[in-house]
Amino acid sequence: MARRARSSSCLLLAGVLLGSLVAAGPALAQSGAQPKRGGVIRIAEREAPGLDPHLSISFLTHSYVSLSYSQLVRFPNGPEQKSPTDFSILPDLAEKWAVSKDGKVYTFSLRKGVKFHNKPPVNGREVTADDVKYSLERFMAKSGFRDRFEPVTGIDVVDRYTVKITLKEPYAPFLNHLASPSFCAILPREAEEKFRDFNNPDAVIGTGPFVLKSYEKGVRMVFERNPTYFVKGFPYLDGVTIDITPDAAARLAVLRAGKAELPHVWGWISPEEARSLKQTSPEMSITPYKVIGQGFIYMRTDQPPFNDVRVRRAVSLAIDRKSWNDALLFGEGCVDAGPVPCALTDWKLDAAKIEPAKAKYAVGYDPAEAKRLLAEAGYAKGFTMPIYHWPGYVVPWRNYYELAAEDLGKIGITVELKPEEYGKYISTTALGKYDKAAMGPSTPFTEVDDFLFGRFYPELPTNQSHVADGELTKMLVAQRRELDPKKRRQIVDDIQRYLADKAYYVYVPQWPQYVAHPPYVKGFRHHDGYGLGMRLLYTWLDK
Amino acid sequence: MKRYVVRRVLLAVPTLFLVSVMVFALMRFMPGDVATRMVEGHAYAPTLAALRHDLGLDRPVHIQYLDWIGGIVLRGDFGQSYWTRQPILDEFGRRFPVTLELALLTILVSVALGVVIGIVSAARQDSASDYVGRVLAILALSVPYFGLAVLVVVLPSIYFKWTPVWTYVAFTVDPLENLKIMLVPALVFGVTRAGPVMRIMRSALLDVLRQDYIRTAWSKGLAERPIILRHALKNAMIPVISLIGLQMPLYIGGSVIIESIFRLPGVGLFFFEALTRLDYPVVQSVNLIIAAMVVALNLLIDLSYAFLDPRIRY
């Protein structure tokens, strides 16, 4: 009764049912390609550092286990998605949900009769609200992404199929985080009790489309279709195998030789590899996708010389983004790469729509003006700065570091490139613990909040430039509290206008990713985020 | 002989002790901090202090060392990985046969090629076949094995839509399939290692062929084949065997790249990944086990000299 009383005060925001999923079949049929059931897709990829979705932030861990787990809600995939960055929210284990008028209480109604994979000690029992509470509380306690649930104050089981999540304040990114593949996977408690954590392959027991059958470390992971998957008729594939292939050249070679369908967990190859593959294997399906990605020079804006906006603007104006794009990315990159990544089209305010006098400090190239600004700031003779970095990031990063040093040298800033070992870089520099300046890529988040609040809110470890800007901070908080997408978009636009001439981060061009696979792989469409299970839900083999 | 073996085994103790101290110390000098990475990137514990306590990293360094080495010496317990919490010996045991098989096949290939070409070169000194053999040896020496491995994997995939990369199958499961998978990596690695073997073989054999007892054999009217194969080769093999012993750590070290390119689940990658994740116990224990093996192998090699040259006495 209590639940009814509460739900009457709730505003039903979404209730998209199974229909959207089931409709996918006919949609494909109309396009002339009737999906065939059967076949196993082989993926050549590196080994994941672990399998527990809460004990690793690796995209490999999250992608692999997303084959086996479900969340409360999820992003669209395959025929459901309008673009690779379509982050609308669809039901997954939750059949529907409601949000209270004040935006602080989310009530999720679970699908009934959804069974875990039939593996001991869970043995195919039904998923209940207790599992949701257990899993989300474990996420909040253990995950490296746990700060995404910082506004959550309580997770309560209302009844066997209803869960209520209470927040301390309205929090617009909440559903997006819940939908992020495998972060908020619904896990069975018995498996942790028996195996201590979810790293043991026998503990990978979920409700997702594929069941992990075997895992020979260093060799192969074998997934088979979940016969009791709650979306009837899916997946099309009989199974998925991950053949552990640490070397990049070998991954491309097995694709060419017909020993793998995907040369990367998401089928990605670089623009350079795509060119070579088109020449050597013209029959391959090679599709470019503008994907979420971002790289930048970050600076200690709380210390001299980078606490002076003129110096930061000079650094930004020194970077010849167009030449980098032409020389290294075949002109296919996006030079207007921040603060919101190019691919995040629902939120991006293009530099062209910002007052040119301000936008030039984000995307412009003017070494003469840069020198003038440096002189004005008292550095007429330039200065020396380090750029800490990890040289192991994929092509074209190594060239990027060198080009940055070269471009900055032209305005009188002597750059000392300081390569670091990965462990040191990722646990110190990338978390803001460095001297003066550093450079590197960003995690490809799916929620705009991560690129704004995460990057600019004072004291956060992801605020790598140590930004503390009162006016900006107010806007950052306002956008995450605004639940109306249109109003939120306005605030996000204001933030982008505000940031255009601050040069807190100096963004460098972002390149597209090519998705490559043999032509008989159908229905495999890229969708940003650390998932794989839903992409393969609609994938089928035409052979 | 017995006394010699006992003395060598006793001498191995300080060697391995030094190895254990060095690898323990070096791991702690590595930049970065394992606990920070496990907490900030992976949330293995709510706080850094809690994880340090959990892993025992909050104790004095000498206690940590004694705990690790004590476990090995007293209980045969090589510890467990910080990250996976799995016993190191289990994982090592699963992976070592792959690396060992690769090393043995590599030695087989390099010795077969190196010894045969070396013999021909020495027996036909300054002939065309000698020059060809020497050029091949220099070529093998100068081509890096990892470059050759990439070419062998990539080129046929471009021109013939085929590549010698398969998914690993253990010898015990399917010996033929296993040998098919191991053959190409062993050939690639073996060919590049055959260069030094050939050069040592050639010079050692030339040296032996100039000795008095060989001259005596010639004067007795023996044919070339028995002189070289029966009388000269055995003595000339001593430096070759020494070389193989010295190269043993190289087979383990080089296996990282070969295993990575040919996707073989050996010790090399296990060790390399542990190193990049600062998994102290794994790096320390694997290093110590391999050091012990190298010490043992060198002892065996030294003992084999007595078989090759009966004048050698221990």
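Letters go in sequence order (proteins before strands), and every chain restarts at 1.
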>> Taking the ring of A/H177 and the ring of A/F183, is the distance between their centroids below 6.0 Å?
In response: no

> Does any heavy atom of chain A fall under 4.5 Å from the side chain of B/I158, the backbone, both, or neither of them?
Replying inline: both

> Can A/S270 and A/R275 be counted as having a side-chain donor-acceptor contact under 3.5 angstrom?
Replying inline: no

> With a distance cut-off below 6.0 Å to the six-membered ring centre and an angular limit of 45° from the axis, does B/R94 pair with B/F96 as a cation-pi contact?
Replying inline: no

> Between A/Y388 and A/T428, do the side chains contain an N or O donor and an N or O acceptor separated by less than 3.5 Å?
Replying inline: no

> Between A/T241 and A/R220, do the side chains contain an N or O donor and an N or O acceptor separated by less than 3.5 Å?
Replying inline: no

> chain B heavy atoms under 4.5 Å from A/D52: which part of the residue, side chain, backbone, both or neither?
Replying inline: neither

>> Just to be sure I understand the criterion: a residue of residues 175-193 of chain B counts if one of its heavy atoms is under 4.5 Å from a heavy atom of chain A. Which ones qualify?
In response: none

> Using non-hydrogen atoms only, which part of B/T163 is less than 4.5 Å away from chain A: side chain, backbone, both, or neither?
Replying inline: both

>> Between A/E420 and A/Y434, do the side chains contain a donor N or O and an acceptor N or O under 3.5 Å apart?
In response: no

> Quick one: do the B/T167 and A/K259 side chains pair a donor with an acceptor below 3.5 Å?
Replying inline: no

>> Quick check on A/D243 against chain B: is it the side chain, the backbone, both or neither that has a heavy atom closer than 4.5 Å?
In response: both

>> Please classify the contact between A/R196 and chain B as side chain, backbone, both or neither, with a heavy-atom cut-off of under 4.5 Å.
In response: side chain

>> Assess, by modelled atom type and distance only, whether the side chains of A/S465 and A/R455 contain a donor and an acceptor separated by less than 3.5 Å.
In response: no

> Is it the backbone or the side chain of B/V165 that comes under 4.5 Å from a heavy atom of chain A, or both, or neither?
Replying inline: both

> Side chain, backbone, both or neither: which part of B/E91 has a heavy atom under 4.5 Å from chain A?
Replying inline: side chain

> So which of B/L51, B/V282, B/L55, B/D54 actually passes side-chain contact (heavy atoms from CB on, under 4.5 Å) with B/Y82?
Replying inline: B/L55

> So which of B/R95, B/R85, B/E273 has the largest heavy-atom pair count under 4.5 angstrom toward chain A?
Replying inline: B/R85

>> Whether the B/T99 and B/E259 side chains hold a donor-acceptor pair (N or O, under 3.5 Å, no angle test) is what I'd like checked.
In response: yes

